[in-house]
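As structure tokens, the structure follows; a few thoughts come after it.
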Protein chains: 2
Amino acid sequence: MKEAPNKCDCEKCDVKEMFYEHVEEQHIEVVCNIKIEKAFKKGDMIIEEGKPIESFIYLKSGLVKLFKHREDEKGQIIIIAKPFDFVNLLSVFSDTNYNYSVTALEDSVTCNLDLDYIKDMIRANGEFALSIMKKISKVSDTIILESLTVRKKNIHGRVAYILLFFADQIYEDKYFELPLNRREIAEFIGKTTENVIRTLSEFRKDGIIKIFGKFIEIVDKEKLQQISDFG
Amino acid sequence: MKEAPNKCDCEKCDVKEMFYEHVEEQHIEVVCNIKIEKAFKKGDMIIEEGKPIESFIYLKSGLVKLFKHREDEKGQIIIIAKPFDFVNLLSVFSDTNYNYSVTALEDSVTCNLDLDYIKDMIRANGEFALSIMKKISKVSDTIILESLTVRKKNIHGRVAYILLFFADQIYEDKYFELPLNRREIAEFIGKTTENVIRTLSEFRKDGIIKIFGKFIEIVDKEKLQQISDFG
DNA sequence: GTCATAGTATGATAAATATCATAACTTTAT
DNA sequence: ATAAAGTTATGATATTTATCATACTATGAC
């Protein structure tokens with residue numbers, strides 16, 4: 001992890017837009033000055049469960065996973081966050097310490113703003129407050145409703161769902177490199193590693209996907225969608 | 001459902017406290033005047049999936065369930081909300097329509113505030129905004145983290161967990177009437193009705209609980225806790 | 001009351017998934 | 001280059017859970 005020079009030059013940054021829309025010019029400059037960018041290598045720990053929440057963290061580039069660590073047993077992945085998602089979406093405003101960890105699945109850069117400063121901005125600017133609430137609620141909603149969606153699927157449905165998630169929402173390509181190993185996919189969908197592997201093999205045998213190690217090519221997307229929807 | 005006279009006399013109302021702490025006297029009076037109390041009978045629909053979100057709804061008394069309706073299949077219960085929990089915690093600030101329903105499990109009374117009015121208050125008062133965010137985030141966090149907790153348990157663990165949930169968090173008594181039938185418990189923990197019934201029977205045979213129809217008495221709480229923790 | 005309906009209960013069986021075992025293949029460290 | 005460790009893969013088996021079938025019980029409508 002290393003710190004990078006500060007600039008407010010990211011396109012598509014919702015936070016910046018919120019500021020531009022609702023905050024006066026001189027405050028924006030302050031934000032751009034106090035924000036700290038941090039670069040992480042694949043596998044690096046970005047947030048550690050139990051540590052105090054001191055920053056408002058936003059993903060500028062890369063890909064990260066939020067997960068709960070489990071002593072003996074296997075962990076549980078809560079969500080995969082992509083650029084311009086909040087990284088510390090949970091607990092930021094409701095708790096003092098993180099109750100989940102975040103690590104980088106790919107080389108990633110985060111934007112970090114002092115949480116007290118953001119809180120001051122919220123206090124000072126209700127319109128900004130409303131924008132932040134909207135954004136944060138949206139993320140929580142998505143997690144809750146998607147977890148319900150996944151919960152009712154069998155393992156075929158869940159694996160199909162994950163493959164389509166990466167193809168459509170993350171990489172926007174039917175050919176991509178899985179950022180998770182099979183064990184992590186299992187932790188994400190709540191099934192065992194062996195059965196994830198088995199299911200991928202079955203999809204391969206049925207000609208629905210091609211597997212080259214961590215690289216996946218979706219051959220019959222319609223079929224995969226069908227398995228995801230009805231599985 | 002019937003409307004009741006408006007008063008701001010509820011003890012323990014977080015919303016009122018938020019107002020008292022952060023809003024000027026004259027505004028509080030306005031809130032108390034515009035708020036509408038609605039009474040619902042057990043089984044009544046409070047919020048219907050798909051309908052527009054127009055109010056900020058707070059549970060004053062009773063017990064409700066939030067759930068997603070599923071056409072053909074069985075539904076899915078998202079959470080049981082008790083008094084002073086927000087009822088429309090999800091989507092209030094992030095969506096225009098409800099994507100879940102709420103019904104009364106017991107006779108219930110809700111406090112309804114015009115959502116646009118609350119939004120105006122948030123815009124006008126950042127400190128109030130921060131209080132609301134804190135409260136809403138807390139509820140979302142709880143749902144997400146508890147669903148992860150439940151997800152890793154087998155059916156014995158899940159049923160034990162639910163029984164302890166009602167005993168400890170809702171009724172604060174080892175003897176209570178289940179507000180859900182067996183099918184609904186199944187919808188809550190994501191298992192089949194038959195297996196919920198079977199598990200309850202096993203707990204009864206093992207002398208862990210006593211069953212009198214919908215009434216449950218927890219006999220060996222320590223054992224039940226153990227099953228919940230390690231099951 | 002009694003009829004219909006929903007809810008509770010239990011057993012038998014089928015299906016899904018986990019666990020255990022083993023091996024080939026990859027990556028990492030030395 | 002090689003050993004060690006981790007990952008992917010597959011089969012055999014055990015366990016868990018769902019499904020199907022069938023009663024029995026409670027509840028509400030008439």
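Protein chains get the first letters and strands the later ones, always in sequence-line order, with residue 1 at the start of each.
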Grab the [atom1]-[atom2] distance between [X] and [N] for me, whole Å please.
X	N	atom1	atom2	answer
B:Ile185	C:dT8	CD1	C1'	11 Å
B:Ile155	D:dT19	CD1	C1'	13 Å
B:Leu178	C:dG7	CG	P	14 Å
B:Arg183	C:dG7	CZ	P	5 Å
A:Lys42	C:dT27	NZ	P	10 Å
A:Asn154	D:dT19	CG	P	10 Å
A:Asn181	D:dA5	CG	P	18 Å
A:Glu184	D:dG6	CD	C1'	12 Å

Are A:Tyr100 and A:Phe67 close enough that their ring centers fall under 6.0 Å?
no
Is the ring pair B:Tyr175/B:Phe215 parallel, tilted or perpendicular, if the boundaries are 30 and 60 degrees?
parallel
Report the relative orientation of the aromatic rings in A:Tyr171 and A:Phe176; use parallel for angles under 30°, tilted for 30 to 60°, perpendicular for over 60°.
parallel
Salt-bridge test for A:Lys51 and A:Glu48: reply yes if a basic N is under 4.0 Å from a carboxylate O, no otherwise.
yes
What I want to find out is whether B:Asp44 reaches B:Lys38 closely enough, with some N-O distance under 4.0 Å, to be called a salt bridge.
no
Taking everything shown except B:Glu222 itself, do over 12 heavy atoms lie less than 6.0 Å from its CD?
no
How about B:Lys153: does its NZ atom have over 12 heavy atoms from other parts shown lying under 6.0 Å from it?
yes
Side chain of A:Arg182 - closest among C:dT8, C:dA9, D:dA9
D:dA9
Side chain of A:Lys214: nearest nucleotide among C:dT8, D:dA9, D:dT8?
D:dT8
Please list, by residue number, the residues of residues 188-210 of chain B whose heavy atoms come closer than 4.0 Å to an atom of DNA chain D; answer none if no residue qualifies.
B:Lys191, B:Thr192, B:Glu194, B:Asn195, B:Arg198
Residue-level proximity of residues 156-165 of chain A to DNA chain D when a heavy atom falls under 4.0 Å
none
At their closest point, which heavy atom of B:Ile211 faces which heavy atom of B:Leu200, and how far apart are they?
CD1-O, 3.6 Å
Are B:Glu106 and B:Lys42 side-chain neighbours, meaning at least one heavy-atom pair lies under 4.5 Å?
no
